[in-house]
Amino acid sequence: MYIDSHCHINFPELAARMPDILAQMEHNKVTHALCVSVDLPDFPQVLALAHQYPHIYASVGVHPDYEDTPEPSVEQLVQLADDPKIIAIGETGLDYYRLEGDLEWQRERFRTHIKASRITRKPLIIHTRSASEDTIRIMREEGAGTDAGGVAGVMHCFTESLAVARAAIEMGFYISFSGIVTFKSARELQAVALELPLERMLIETDSPYLAPVPYRGKTNEPGFVAHVAEFLAKLKGVPVEQVAEQTTANFRTLFNVPA
Ligand SMILES: [Zn+2]
Ligand SMILES: [Zn+2]
């Protein structure tokens with residue numbers, strides 16, 4: 001039994017084939033998925049999916065890559081998060097890889113999400129790419145993480161170094177691995193996954209992107225998270241059931257979702 005901790009099934013290529021997606025989840029023993037919000041205009045659709053399907057959870061937030069989109073306020077995020085199916089704030093964070101120039105607006109948007117997380121006590125879903133130093137610095141400044149009286153969260157689709165993973169874990173965060181870890185070219189990331197304790201790990205698809213081996217290059221979907229778990233089990237030399245059980249328990253602890 002697996003949980004996909006991060007997917008975008010509201011995106012058109014997946015939303016158009018929901019019955020298929022759900023059947024594939026059931027076939028691969030993926031019991032739940034967290035549909036992650038990327039901007040405010042799409043949020044009603046994300047929430048509708050979570051309300052329609054008991055095994056779909058949702059988050060509210062505005063992605064750091066979305067430049068020309070309504071800017072959320074703390075109050076707005078707090079208000080939109082006030083629903084039992086909204087279990088997290090995000091995805092938020094910093095991305096210096098995709099965007100260039102003065103990205104102060106990205107850092108401000110990130111701070112807004114951390115404040116909303118502290119108020120709602122709902123965990124953060126953090127996206128960080130080529131920006132780990134600023135990400136960790138702003139997390140500390142805004143009091144993200146359990147050690148600062150804030151709420152923990154997850155560093156999603158993790159591709160950073162072991163040092164960054166450890167800094168996040170020290171703040172009470174979890175590290176989530178996507179299909180990227182299954183890629184032949186991902187030696188360094190595999191070394192990070194090998195070092196980290198399963199007790200701090202989540203698994204995800206980030207679908208429709210980044211399908212794991214053996215579906216690399218195809219449209220990804222939540223059912224495929226089983227392949228991420230199988231890869232991690234082999235890498236760590238443990239039974240896949242152990243990866244399934246531990247990552248599911250971690251998801252439930254982090255997002256306060258009882259079995
Ligand atoms: Zn992301
Ligand atoms: Zn995402």
Side-chain angles (χ1 to χ4, degrees), residues 3-15 21 30 32-43 45-47 49-50 56-67 69 72 77 81 86-99 103 105-107 109-110 112-114 117 122-132 134-136 138-139 144 153-160 164-165 168 173-183 186 189 192 201-212 215 218-225 228 247 251 254-255:
I3 298 182
D4 181 0
S5 72
H6 191 116
C7 65
H8 301 285
I9 46 173
N10 61 304
F11 286 11
E13 57 268 61
L14 294 181
I21 305 280
V30 179
H32 298 81
L34 171 48
C35 182
V36 176
S37 161
V38 294
D39 66 10
L40 296 180
D42 277 0
F43 175 71
Q45 208 189 348
V46 170
L47 184 63
L49 280 172
I56 304 293
Y57 299 107
S59 72
V60 62
V62 181
H63 196 291
D65 286 350
Y66 286 55
E67 224 172 337
T69 195
L77 289 175
I86 302 295
I87 60 170
I89 304 292
E91 62 181 289
T92 181
L94 301 175
D95 193 329
Y96 298 167
Y97 180 83
R98 292 210 184 246
L99 297 177
L103 297 179
W105 61 268
Q106 233 185 36
R107 292 184 283 274
R109 185 185 287 175
F110 185 28
T112 298
H113 284 77
I114 299 175
S117 164
K122 296 193 182 190
L124 286 162
I125 299 169
I126 295 184
H127 169 116
T128 181
R129 198 156 177 216
S130 304
S132 58
D134 279 2
T135 301
I136 297 287
I138 291 174
M139 284 164 72
V154 55
M155 304 295 271
H156 109 89
C157 197
F158 194 76
T159 52
E160 305 293 327
V164 173
F173 273 67
Y174 290 78
I175 308 297
S176 180
F177 290 91
S178 69
I180 293 178
V181 78
T182 71
F183 298 171
L189 186 61
V192 172
M201 285 168 58
L202 295 181
I203 50 173
E204 67 172 84
T205 58
D206 206 8
S207 49
Y209 313 117
L210 300 168
Y215 300 105
K218 303 225 167 80
T219 302
N220 199 2
E221 57 180 81
F224 294 172
V225 81
V228 177
T247 55
F251 181 95
L254 172 62
F255 294 112

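Remember, it's 1-based here, ligands and their atoms both numbered in the order they're listed. When a residue number appears, it is its place in the shown sequence, counting from 1.
Heavy-atom minimum distance, Glu91 versus His127: OE1-ND1, 3.2 Å. Nearest heavy-atom pair, Asn220 versus Leu210, reported as atom, atom and distance to 0.1 Å: ND2-O, 3.3 Å. Among all heavy-atom pairs drawn from Gln106 and Asp95, the shortest one is OE1-N, 3.1 Å.
For His32, the ring-ring contact (aromatic ring centres under 6.0 Å, His included) partners are Tyr57, not counting sequence neighbours.
No side-chain donor from either of Asp206 and Ser178 sits under 3.5 Å from a side-chain acceptor of the other.
Taking the six-membered ring wherever Trp is involved, the centroid distance between the rings of Phe110 and His113 does not fall below 6.0 Å.
Of all protein N, O or S atoms, those under 2.8 Å from the Zn ion (ligand 2) number 4.
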